[in-house]
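Report on the structure given below.
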Amino acid sequence: MIKNKLFIKFIGLSTIYICLVSLFLSYTGDKNSWFSDWFSDGLFVFQTVIIYLLGCSVINEQYGCSAYHRYNSKKSFVCNHIADYFILSFIITAILFVSITVFVVIYQYTITFDLLVVFLNSFIKNFLGLCLIGIVSINFLYSNFNRLKMSSLIVTYLILVFEVKVINSNGSSLFILFSWFFFSNDIVSHVVILSYIILFLFMILKRIKKVDLIK
């Protein structure tokens with residue numbers, strides 16, 4: 001996947017886009033609002049996640065019938081697909097935080113211990129959040145329902161938007177799946193999201209023997 005030219009082009013374009021968004025936020029808001037905007041639910045749902053899902057669609061193109069025959073088993077095929085999603089999660093998160101760091105230097109923020117803690121917690125949460133979205137979509141992709149297979153990324157995104165922007169739009173504290181990303185306690189958020197990732201990972205690995213992976 002990493003050697004794929006289309007994927008490399010996607011990463012390059014994503015880097016440029018994220019930097020431009022960061023530049024836009026830095027000019028449209030004041031010093032403090034720009035910094036907080038990067039950690040808002042709106043930016044995560046309507047910018048970061050969309051970029052990530054576009055990258056997932058690029059990866060999916062590499063896992064067709066011809067790719068399946070290069071692996072020894074269904075398990076290795078699916079595990080490699082999941083690993084590519086997780087690698088993409090890290091890459092997108094890293095690009096985002098490198099961009100933030102650059103503008104923190106430009107704005108001459110005082111680098112305090114509290115700021116480093118915020119950065120670390122936000123980095124972990126963004127990475128785990130994208131991994132959760134990826135593993136949920138993988139479960140849809142490798143299901144026995146053709147409609148879910150064909151639109152796994154779209155369905156995952158619609159569930160995310162419905163939960164975050166509809167169910168929790170009026171200040172509701174109903175945390176179901178993706179809304180744990182926005183839970184106020186970072187440690188609890190990390191633990192719950194990681195638990196969901198492990199659960200969905202276990203579900204897909206347990207079920208793949210009964211699923212036709214060749215699309």
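Values in this document were obtained by computation on a predicted structure and should not be read as measured data.
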With Tyr142 as reference, evaluate Lys149, Lys74, His81, Arg207 under the side-chain hydrogen bond (donor to acceptor under 3.5 Å, both in side chains) test and give the passing residue. His81
Quick one: closest heavy-atom pair of [X] and [Y], and the distance?
{"X": "Leu205", "Y": "Lys75", "value": "CD2-CG, 4.4 Å"}
{"X": "Ile197", "Y": "Leu128", "value": "CD1-O, 3.5 Å"}
{"X": "Gly134", "Y": "Tyr52", "value": "CA-OH, 3.4 Å"}
{"X": "Ser22", "Y": "Ser99", "value": "CB-OG, 3.2 Å"}
{"X": "Ser152", "Y": "Ser137", "value": "CB-O, 3.4 Å"}
{"X": "Trp180", "Y": "Ser189", "value": "O-OG, 2.7 Å"}

Would you say [atom1] of [X] has more than 12 non-hydrogen atoms from neighbouring residues, nucleotides or ligands within 6.0 angstrom?
{"X": "Phe46", "atom1": "CZ", "value": "yes"}
{"X": "Met150", "atom1": "CE", "value": "no"}
{"X": "Lys9", "atom1": "NZ", "value": "no"}

Compare all side-chain heavy atoms of [X] with those of [Y] and state whether any distance is below 4.5 angstrom.
{"X": "Phe183", "Y": "Val192", "result": "no"}
{"X": "Val78", "Y": "Tyr63", "result": "no"}
{"X": "Leu153", "Y": "Asn60", "result": "yes"}
{"X": "Phe44", "Y": "Val164", "result": "no"}
{"X": "Thr101", "Y": "Phe119", "result": "yes"}
{"X": "Leu177", "Y": "Val136", "result": "yes"}
{"X": "Phe181", "Y": "Ile133", "result": "no"}

So Leu174 and Glu163, side-chain contact (heavy atoms from CB on, under 4.5 Å) or not? Walk me through it. CA-CA 9 Å; Leu174 181 60; Glu163 180 181 349; over 6 Å; no
Do [X] and [Y] sit in one hydrophobic cluster, given that two such residues count as connected whenever their side-chain heavy atoms are within less than 4.5 Å of each other, even indirectly?
{"X": "Ile87", "Y": "Phe90", "result": "yes"}
{"X": "Leu194", "Y": "Phe200", "result": "yes"}
{"X": "Ile91", "Y": "Leu54", "result": "yes"}
{"X": "Phe202", "Y": "Phe77", "result": "no"}
{"X": "Ile187", "Y": "Phe127", "result": "no"}

If you round to the nearest 0.5 Å, how far is [atom2] of [Y] from [atom1] of [X]?
{"X": "Met203", "Y": "Asn139", "atom1": "CE", "atom2": "CG", "answer": "5.0 Å"}
{"X": "Leu132", "Y": "Tyr196", "atom1": "CG", "atom2": "OH", "answer": "8.5 Å"}
{"X": "Ile176", "Y": "Ile167", "atom1": "CD1", "atom2": "CD1", "answer": "4.0 Å"}
{"X": "Leu96", "Y": "Thr48", "atom1": "CG", "atom2": "OG1", "answer": "5.0 Å"}
{"X": "Leu88", "Y": "Ile11", "atom1": "CG", "atom2": "CD1", "answer": "5.5 Å"}
{"X": "Ile50", "Y": "Tyr17", "atom1": "CD1", "atom2": "OH", "answer": "7.5 Å"}

Just by modelled atom types, is the Ile59 backbone N or O under 3.5 Å from a matching donor or acceptor in the Tyr85 side chain? no
Check: Tyr157 side chain, Val45 main-chain N or O, donor-acceptor pair, under 3.5 Å: yes
Hey, mind stepping through Val117 and Asp186 against side-chain contact (heavy atoms from CB on, under 4.5 Å) and telling me if it holds? CA-CA 10 Å; Val117 171; Asp186 289 329; over 6 Å; no
Linking directly or through intermediates, with side-chain heavy atoms under 4.5 Å: list the remaining ILVMFWY members grouped with Ile154, chain and number order. Leu158
Using links of under 4.5 Å between side-chain heavy atoms of ILVMFWY residues, direct or through other members, which residues join Ile16 in one cluster? Leu20
Ile18 pairs by side chain to side chain contact (heavy atoms under 4.5 Å, CB included) with which of Ile100, Ile95, Val98? Ile95
